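Only one structure is covered here, and it is reproduced in the block below.
So that the names make sense, note that chain A is the first sequence line, chain B the second, and so on, each numbered from 1. Any value given below was found using the heavy atoms of this structure, including those in side chains, with hydrogens, waters and symmetry copies removed. From a predicted model like this one, the values you see are computed outputs, not experimental measurements.
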There are 2 protein chains.
Amino acid sequence: MKSLSQASFLPVIHELARTYQAFEQFSSQHIRQLGLTPPQFDVVSTLGNSKGMNCKELSDRTLITKGTLTGVIDRLEDKGLVTRTMQPNDRRSVFITLTGHGEKLFAQAFPAHLDYMKIAFRRFGESDLSGFCQELGRLREGFSLALEEQEEAVV
Amino acid sequence: MKSLSQASFLPVIHELARTYQAFEQFSSQHIRQLGLTPPQFDVVSTLGNSKGMNCKELSDRTLITKGTLTGVIDRLEDKGLVTRTMQPNDRRSVFITLTGHGEKLFAQAFPAHLDYMKIAFRRFGESDLSGFCQELGRLREGFSLALEEQEEAVV
DNA sequence: TATTGTTATACTCTATAACTATA
DNA sequence: TATAGTTATAGAGTATAACAATA
């Protein structure tokens with residue numbers, strides 16, 4: 001393995017950022033037509049594929065931090081898409097579910113979004129897709145392990 | 001090539017988002033220690049590797065839209081890191097350069113940031129890196145082409 | 001007419017940390 | 001003491017569109 005002293009990984013970072021931006025731009029164009037922001041769509045999609053969950057789990061799955069999540073849920077509640085209910089077993093916990101209106105939006109918007117996203121993947125076959133997943137997974141592992149190391153060092 | 005009717009590309013999207021988030025989290029932890037936000041660091045890095053440029057070019061390179069860029073540059077100007085100067089040849093255009101203070105920050109912070117990021121790539125060799133670039137590039141092309149199609153369709 | 005950049009509006013997300021209620 | 005979630009604060013980025021100056 002050669003040394004990386006000349007920062008030969010810079011193009012990887014650049015490509016990752018540009019690829020994500022291209023995805024985000026393409027994806028959000030459709031999401032905004034639904035009257036949602038990307039984080040809001042993320043929450044609705046996560047809830048739509050479940051029977052509801054508390055904020056902690058929702059935060060873990062969407063990677064939205066708890067403080068931010070409160071605001072996102074507030075806005076979804078204002079739109080009548082989700083509800084908060086208290087849990088008798090652990091009264092610290094708040095259970096979030098889609099309302100009927102939210103379920104309806106999910107049932108309509110989620111497949112529509114997949115259909116829209118499909119355009120971007122039309123040129124790829126199954127082996128391409130598993131290749132992407134594998135490479136992205138390895139790359140992610142690099143960042144995750146580095147972050148852990150960093151946090152250990154700080155603590 | 002198999003049909004993608006079951007949205008077999010969903011894991012790719014998921015991995016891309018998670019990988020980018022892991023990168024962003026790791027990277028921004030260091031950037032914020034410099035007193036900058038990620039977009040601000042992006043601008044400083046872009047300017048630091050050049051002799052200055054106008055807002056249009058800066059916008060194209062960083063993918064920050066012009067309206068947002070005005071605000072980012074305002075804040076960098078407040079911090080004494082960049083300056084705006086008028087261009088005699090095209091008086092609509094504004095030329096942005098790093099100040100002495102900005103150059104100094106760049107000269108110190110950019111290598112330090114690379115050094116920090118290197119941790120995440122330690123486990124990879126050159127062939128891994130070029131593999132990442134290649135796969136990311138292909139994926140990006142999918143989104144870019146899809147976006148173009150979409151914009152044509154709208155127009 | 002088209003382009004460069006700023007301004008205006010209104011919102012949404014962000015980081016950070018203190019705080020409340022419960023466990 | 002630890003955890004779940006909210007609140008408070010202050011800032012920063014976002015979309016969108018109108019606008020002024022210049023080409």
Write down the distance between [atom1] ([X]) and [atom2] ([N]), rounded to a whole number of angstrom.
X: A:E24; N: C:dT12; atom1: CD; atom2: C1'; value: 13 Å
X: B:K66; N: C:dA8; atom1: NZ; atom2: P; value: 16 Å
X: A:R75; N: C:dC13; atom1: CZ; atom2: C1'; value: 7 Å
X: B:D90; N: D:dA21; atom1: CG; atom2: C1'; value: 10 Å
X: A:F41; N: C:dC13; atom1: CZ; atom2: C1'; value: 18 Å
X: A:I73; N: C:dC13; atom1: CD1; atom2: P; value: 11 Å
X: B:Q40; N: D:dT14; atom1: CD; atom2: C1'; value: 15 Å
X: B:L63; N: D:dG13; atom1: CG; atom2: C1'; value: 15 Å

Is [Y] close to [X] at the side-chain level, that is, under 4.5 Å between some pair of heavy atoms?
X: A:Y20; Y: B:E24; value: no
X: A:V94; Y: A:Q87; value: no
X: B:L16; Y: A:L16; value: yes
X: B:L36; Y: B:V43; value: no

Students often get this wrong, so: under 4.0 angstrom with heavy atoms, is [X] touching a base, only sugar-phosphate, or nothing?
X: A:K56; result: sugar-phosphate
X: A:G71; result: nothing
X: A:T70; result: base
X: A:N89; result: sugar-phosphate

Phosphate OP1/OP2 of [N] contacted by [X] side-chain N/O (<4.0 Å):
X: A:S93; N: D:dG5; result: yes
X: B:R32; N: C:dT14; result: no
X: B:R91; N: D:dA21; result: no
X: A:T37; N: C:dC13; result: yes

Is any side-chain N of the basic residue among B:E135 and B:R138 closer than 4.0 Å to the acidic one's carboxylate O? yes
By nearest-heavy-atom nucleotide on DNA chain C, the more 5' of B:R84 and A:R92 is B:R84
Residue A:N54, side-chain heavy atoms: nucleotide from D:dG5, C:dT6, C:dT14 that is nearest: D:dG5
